[in-house]
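A single structure is presented below for examination.
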Protein chains: 2
Amino acid sequence: MVDAVGRQQRKKQLTRLALVDAAVRLFTERGYERTTVADIAEAADVSARTFFLHFPTKEDVLLADTAGRLDRGVDVIAGRDPASTPAEVLAETIDVMITDAWAGDLHTGLAALRARLVIDTPAVQAHLLQNGFAAQTRIATALHEAYRDRIDEVTAAAIVGALMGAVAAAAVTALRRGDPPDGVRAAMRRAAAIAMRAVDNDL
Amino acid sequence: MVDAVGRQQRKKQLTRLALVDAAVRLFTERGYERTTVADIAEAADVSARTFFLHFPTKEDVLLADTAGRLDRGVDVIAGRDPASTPAEVLAETIDVMITDAWAGDLHTGLAALRARLVIDTPAVQAHLLQNGFAAQTRIATALHEAYRDRIDEVTAAAIVGALMGAVAAAAVTALRRGDPPDGVRAAMRRAAAIAMRAVDNDL
DNA sequence: TGCTTTACTGCAGTGAATGAAGTAGTGCAT
DNA sequence: ATGCACTACTTCATTCACTGCAGTAAAGCA
């Protein structure tokens, strides 16, 4: 047994990586709008059609690394200490996700690129917001499932929405202002703390 | 002088109305994706090119009536009683906007259609989220300007983000659950109340 | 009556995304 | 090893949102 996964899977991951790599490079060089999917595919030396076998849309190549992050957030809630309160669990969840967001992809430079593109490319902003909203929905569902007797569906959505909304808005504002990465993260944590006050009171 | 506005302006508004009308009807009949811009223009008896003179994108026809709503929210903050606290002003702002959302377009059926499309059409959801985010940014800026000495830029963004995030998430959750319009509005108000607890503490 | 402005048209083109049919490398069974 | 199924990928064609440009005709105005 040479490898856990076969040659086929490995090659697939290689072309996927090549696509992400080419996309990051080209987006950085010429900007998002002035880079076509055909360009990316060409640079990765695959057909244009292949791009869409790996990513459903052009924007999704920017989210290549975020799949697992959400799961980790959900896991925090699912694997909670039964004695802990919703407020404690939520605080830890948001903390894990904020930390993860900056730790995950220092290699690829994806996070930095995303940050820049979110600010000045409407299409990207729209898609990322949608993605975040979907993530938020999953977290809210997990919270509701975890405390089924104490937190109803809509309340869970409201609480998680407040948290994520505050963090997202603070992050974009800090980014737009030109804050350095550390400053942005600090803004996110502060926003989370503010929003958590809505929860702390009675959960 | 026959009219306050000329014949030209009136005719323009007529084709705009015809476009919105055709869009609402066709979206309702066949769904969003299965309706092309060409279809809408045809039904409104104008050229396809004309559609884009009135609306920048296909999704924007769904936002035909929301332009003024945001201004009204901003106005509440701008025209505040100087003696009132940020918490009071914010509470009134969100209340005005929630109320407006229902009063504005009961006639056109736009609100109901939007509600349905946001839930099951990803493209629409992305665009509306982006629109809401932009609105939120304007409110946050207005709040910061109004209390320049007490609330910094990022804090304003966090507070408003928490409010809007909570309300939006609650609305979608209630809609998805199949709540009637009244139930949805109640969910939004409850979400706003929850998020306001983050503000009430020290503003 | 002329001159400018503006709502609208027609057309040609870009680029994202999808569908269908086909090729080639890979893994696996006998 | 040979045949077979699977899968990543390609190629071609098509749809559709959206843009730029060159026009027409009506509207407003001198």
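No experiment lies behind these values; they were computed from the predicted model shown. In what follows, chains are A, B, ... by sequence order, proteins preceding strands, each numbered from 1.
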Counting just side-chain N and O atoms, does A/Thr15 come under 4.0 Å of either OP1 or OP2 of D/dA8? no

Selected nucleotide, minimal atom distance to A/Phe52 side chain, candidates D/dA17, C/dT18, C/dT9: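 For A/Phe52, the side-chain atoms sit closest to C/dT18.
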
Among B/Arg69, B/Arg185, B/Arg72, exactly one meets salt bridge (Lys or Arg N to Asp or Glu O under 4.0 Å) together with B/Asp100. Which residue is that? B/Arg72

What protein N or O atoms touch nucleotides 28-30 of chain D N or O atoms at under 3.5 angstrom, if any, and at what distances?
residue : atom : partner : partner atom : Å
D/dG28  : OP1  : B/Arg7  : N            : 2.7
D/dG28  : OP1  : B/Gln8  : N            : 3.1

May I ask you to decide whether B/Arg197 forms a salt bridge with A/Asp200, counting only side-chain N to carboxylate O separations under 4.0 Å? no

Please report the interatomic distance CD(A/Glu153) to OG1(A/Thr141), rounded to the nearest 0.5 Å.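 Going from CD on A/Glu153 over to OG1 on A/Thr141, the span is 7.0 Å.
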
Mind listing the closest non-hydrogen atom pair of A/Thr28 and A/Arg116 along with its distance?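 Result for this residue pair: CG2-NH1, 4.4 Å.
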
Can you check whether B/His54 has a side-chain N or O nearer than 4.0 Å to OP1 or OP2 of C/dC8? yes

Using a cut-off of strictly less than 4.0 Å, decide whether B/Lys11 has a side-chain nitrogen or oxygen near OP1 or OP2 of D/dA27. yes

Between A/Phe55 (CZ) and D/dC9 (P), how many Å, whole number?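 For the pair A/Phe55 CZ and D/dC9 P, the rounded distance is 11 Å.
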
Atom CG of A/Asp45: over 12 foreign heavy atoms under 6.0 Å: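 Atom CG in A/Asp45 is not packed in, count stays at 12 or less.
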
Can you tell me the distance, in whole Å, between the CG atom of B/Leu53 and the P atom of C/dC8? 7 Å

Residues touching DNA chain D, which here means a heavy atom under 4.0 Å, drawn from residues 26-48 of chain B: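 Per residue number, the list reads B/Thr35, B/Thr36, B/Val37.
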
Where at least one partner belongs to residues 168-178 of chain A, residue pairs that pass side chain to side chain donor-acceptor pair (under 3.5 Å), sequence neighbours excluded: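 Matches after skipping sequence neighbours: A/Arg177-A/Asp179.
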
For atom CZ of B/Phe51 and atom C1' of D/dG20, their distance in whole Å: 18 Å

When you check the phosphate oxygens OP1 and OP2 of C/dA7, does a side-chain N or O of B/Thr50 lie under 4.0 Å from one of them?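 Checking C/dA7 against B/Thr50, no side-chain N or O comes under 4.0 Å of OP1 or OP2.
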
Hey, could you give me the OG1/NE2 distance between A/Thr121 and A/His127, rounded to the nearest 0.5 Å? 13.5 Å

Would you call A/Asp39-A/Arg30 a salt bridge at under 4.0 Å N-O? yes

